[in-house]
Amino acid sequence: MAHYQTYETAWCPGCGNFSILRCLKTALEELGKDPTKVLIAAGIGQAAKTPQYISTNSFCGLHGRSLPAASAAKIANEELTVIVNTGDGDSYGEGGNHFIHTIRRNVDITHFVHDNQIYGLTKGQASPTTSEGHKTAVQTYGNRNTPLNPVLLAIASGAGFVARSFSGDPQHLTTIMKQAISYKGYALVDILQPCVSFNKINTYRYYKDRVYYLDEDHDPTDKMAAIQKSMEFDDHIPIGILYYEEKPDFHQKNPILSKGGPLYQKNCSKKDLEHLITEFI
Amino acid sequence: MYNILIGGAAGQGIDTTVTILERLLKKSGYYVYTTKDVMSRVRGGHNFSTIRFGDQAIYSHSNKLDGMIALNQETISEHRKKLNENGFILCDAKLQTEDAKAILLNMEEMAKELGDFRVSGSIAIGAILKLFGENLDYAKEVMSTTVKEAYIEINMKAISLGYHLVETRFPRKKGNFQDWMLLSGNSSIALGAIAAGLRFYSAYPMSPSTSIMEYLASKGTETNIVVEQAEDEIAAINMAIGASFAGARAMTATSGGGFSLMVEALGLSGIAEIPLVVANIQRPGPATGLPTRTEQSDLKFVISASQGEFPRMVIAIKDHRDAFYQTIRAFSLAEKYQIPVILLSDQYLADSTATVKPFPLDDFSMEPLPTISNIDAEDIEENYLRYRITEDGISPRRIPGETKAFVTADSDEHDEKGWITESAQMRIQMMDKRMRKLQNLQQELLEPLFLGAESCETLFIGWGSTYGPIREAVEILNQDDKGKYGALVFGDVFPLPTRELIKYSKTAKTLINVEQNATGQLAGLIREYTGIQCTQSILKYDGRQISAEEIVQQLQKGGR
């Protein structure tokens with residue numbers, strides 16, 4: 001069975017990231033993924049340190065830019081299991097444009113957003129998902145901006161796997177992670193996660209009191225129902241797979257990649273190049 | 001050598017006429033050099049192309065014309081003064097010009113009679129062929145590769161019709177270039193990238209770089225290259241870096257505005273030591289500038305773009321042939337030193353076409369990536385250090401998933417393993433390791449190309465696309481004053497090779513930098529790295545490429 005090591009971290013004691021890291025490790029082990037064939041990518045932030053704390057290949061790129069880099073790594077080598085572990089600021093703020101277009105591109109990667117509704121690394125400013133009225137060192141009169149709804153945006157943009165989970169419910173999170181990793185195409189899991197140092201509103205207690213499981217009554221293939229569920233947030237927060245749709249991914253739609261085999265091992269024959277040269281004569 | 005101009009409004013079919021004509025002339029044996037002057041609009045305005053052709057190699061455009069095809073009145077008024085004494089103006093009778101040089105033909109009416117007004121351009125082509133003493137031998141062959149099959153016959157009729165409307169005025173010159181390629185600067189970059197083993201290309205459309213992406217996309221399937229149009233240039237470069245990290249040779253291209261967005265990621269390639277090729281096809285800035293025109297004003301920008309310090313290489317492309325070889329070299333250096341390599345071209349080279357000898361395919365290797373053979377066994381096992389500190393600064397690169405080694409990349413300062421660190425000692429060791437790569441890279445620099453007379457008194461100094469005009473200018477000047485003029489044209493601009501420059505600057509009395517920018521950026525770089533001061537400057541920044549004639553004129557005026 002696959003075995004993943006984890007290393008000493010620089011996270012605050014009690015941080016939701018610990019649970020997410022443990023669940024990630026368990027999910028990968030239970031799926032039997034060979035760690036040398038796994039690539040964990042991230043941008044910058046507290047969550048974005050995740051790749052440094054687990055024994056896989058890792059790509060810690062620029063703030064907000066992990067999705068294009070991770071997508072292209074998967075395009076280059078389809079044999080890699082590519083997972084992006086990063087935060088709400090990185091995914092929805094600095095990288096907001098990439099978020100939308102990565103969904104459209106539908107490369108087979110998994111996106112775990114450690115959504116603590118605050119900027120942790122820079123010590124407590126509002127993130128795109130910070131609730132209205134939330135006071136911070138910058139939003140001194142309370143956040144005036146409408147929080148972004150990442151799951152609603154993902155469904156509206158055409159994502160085929162959109163889920164929400166909670167770092168305080170490791171069993172649920174691990175199950176959802178396994179399903180997301182196994183999904184063929186771009187999969188988003190927005191993970192509710194308390195920030196014990198900088199978010200005194202969205203605490204463990206806060207989420208514990210509000211989250212509830214999506215049950216059989218919810219049909220994740222029903223887009224309208226998924227949209228409705230994805231709009232529930234403040235007092236009752238549904239966790240589970242909000243939306244699920246099987247659709248061709250980037251590789252299946254691409255004439256070169258659909259033939260199979262890692263792109264980086266392919267080549268252009270001298271004969272083909274010669275042909276191109278003669279076209280100019 | 002002949003030079004004709006085809007001008008009209010956007011949407012009048014200038015491009016098609018030019019493409020057919022340049023191919024016909026090349027098939028007939030001529031060396032052809034075509035430039036484009038295009039406004040940033042889809043309809044209207046004034047666009048033109050010049051086709052220069054002769055039986056000897058041609059290195060740039062010229063402002064002296066033997067004739068023109070004028071599709072509108074503006075073309076005549078704009079360019080008439082450039083016509084030689086016996087030059088002609090071929091135009092439609094509806095323009096009603098009383099110009100003595102005009103050859104008025106009822107082309108549009110005749111085209112309508114043939115059944116399609118759009119074939120009037122082919123009537124003009126027929127007339128041009130006759131004026132220059134050509135026959136119609138290659139017309140069908142060229143037509144069949146440039147127009148849709150359904151339109152070949154009517155276009156052939158139009159050419160033949162035009163051919164019989166005029167008499168020959170210019171003697172046919174017999175060149176020997178029929179088996180050479182007709183290639184734009186951007187196509188040459190794209191071909192070079194294919195030859196170098198490009199597997200992944202991501203870019204955002206931006207003039208004048210877009211035709212690289214269009215060419216690669218059109219050939220992607222047969223050459224096993226995935227071409228992805230990114231949502232912005234930031235995504236484009238980060239995708240290229242991600243693909244390269246995973247083992248695919250990757251490239252992106254843009255112009256100055258897009259390059260500005262790529263700047264942070266350039267540093268990522270630097271610190272994470274991920275090979276990357278970025279082509280900046282320059283156009284005049286700042287901001288949106290002149291989108292469809294040419295300039296060389298990004299030199300100082302690209303050599304210092306991105307925060308912090310890291311090794312990089314900047315290669316300026318000198319001509320169409322050079323574009324192919326330098327692109328291959330860019331990939332090879334990027335991979336060898338695990339650095340970003342920037343190719344600097346410009347709109348002039350990008351959109352112009354020149355006659356280039358077919359590239360021999362044995363000159364370069366297309367080795368698959370990566371080669372494990374040259375590294376120690378320990379580098380493929382669990383104790384692998386992605387950023388191992390080595391004497392030459394180059395650490396063993398592995399491809400994630402290929403071996404038991406975990407491959408890391410980090411934009412933070414990191415230790416040998418690739419883990420984030422704030423150790424002062426490790427910071428120094430890693431900085432030194434990365435910068436050490438420059439020592440060997442310095443040895444591989446290509447000195448600037450020397451042209452003209454060894455014992456020259458006046459030395460022109462240029463870089464990139466001004467190579468052609470400078471070369472012709474030196475030839476013209478040396479005809480009158482033998483042995484007085486020389487030039488050094490830089491291809492490698494950063495790091496700056498200095499040996500030849502120091503040598504020639506000792507004997508030349510006058511050093512004149514010729515650049516397509518307002519501040520003399522190369523002259524500044526030379527001053528910084530050698531203390532050598534150019535005594536005069538010929539600078540042009542109106543968005544149009546300098547010609548040999550202009551260099552000669554500016555010299556006589558004393559430069560500025």
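Throughout, a chain's letter reflects where its sequence line sits, starting with A, and its residues are numbered from 1.
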Test side chain to side chain contact (heavy atoms under 4.5 Å, CB included) applied to A:Asp115 and A:Cys195, A:Ser167, A:Pro150, the passing residue: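 Option passing the side chain to side chain contact (heavy atoms under 4.5 Å, CB included) with A:Asp115: A:Pro150.
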Option among B:Tyr30, B:Phe177, B:Tyr138 that satisfies the side chain to side chain contact (heavy atoms under 4.5 Å, CB included) test with B:Leu25: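 The option that passes is B:Tyr30.
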[X] versus chain B, the contacting section by heavy-atom distance below 4.5 Å:
| X | value |
| --- | --- |
| A:Ser55 | both |
| A:Ile277 | both |
| A:Asn97 | both |
| A:Ile44 | side chain |
| A:Leu263 | both |
| A:Pro262 | neither |

Which of B:Ile241, B:Asp232, B:Ile274 touches chain A most, by non-hydrogen pairs under 4.5 Å: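 Result: the option with the highest number of such pairs is B:Asp232.
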Option that, when pairs with chain A are counted at under 4.5 Å, heavy atom only, ranks first among B:Val226, B:Thr221, B:Ile271, B:Thr145: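 With the most close heavy-atom pairs to chain A, the winner is B:Val226.
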Go through the atoms of [X] and report whether side chain, backbone, both or neither lie under 4.5 Å from a heavy atom of chain A.
| X | value |
| --- | --- |
| B:Trp419 | both |
| B:Lys26 | side chain |
| B:Ile225 | backbone |
| B:Gln178 | backbone |
| B:Ala272 | neither |

NZ (B:Lys357) with more than 12 external heavy atoms under 6.0 Å: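 No.
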Winner by heavy-atom pair count (cut-off under 4.5 Å) against chain B, out of [options]:
| options | result |
| --- | --- |
| A:Lys49, A:Lys259, A:Glu79, A:Glu274 | A:Glu274 |
| A:Ile40, A:Asn57, A:Thr278, A:Thr36 | A:Asn57 |
| A:Ala76, A:Cys60, A:Ala10 | A:Cys60 |
| A:Ile100, A:Thr102, A:Ile75, A:Asn77 | A:Ile75 |

Main-chain N/O of B:Ile420 paired with A:Gln52 side-chain donor or acceptor, under 3.5 Å: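 Confirmed, A:Gln52 side chain pairs with B:Ile420 backbone.
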B:Ser184 side-chain N/O to B:Ser187 backbone N/O, donor-acceptor pair under 3.5 Å: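 Yes, the answer is positive, given that a donor and an acceptor are paired below the 3.5 Å cut-off.
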NZ/NE/NH1/NH2 to OD/OE distance under 4.0 Å, B:Glu141 and B:Arg23: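 So B:Glu141 does not pair with B:Arg23 through a salt bridge.
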Parallel, tilted or perpendicular: ring planes of B:Trp180 versus B:Tyr31, cut at 30 and 60 degrees: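 Correct class here is perpendicular.
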Output field: ring centroids A:Phe280/B:Tyr215 closer than 6.0 Å: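 Between B:Tyr215 and A:Phe280, which both carry aromatic rings, the centre distance is below 6.0 Å.
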B:Met430 versus B:Tyr387, closest heavy-atom pair with distance: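 Minimum heavy-atom contact is CE-O, 3.1 Å.
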A:Arg105, A:His101, A:Arg104 screened by side-chain hydrogen bond (donor to acceptor under 3.5 Å, both in side chains) with B:Glu231, the one that passes: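 Among the candidates, only A:Arg105 passes.
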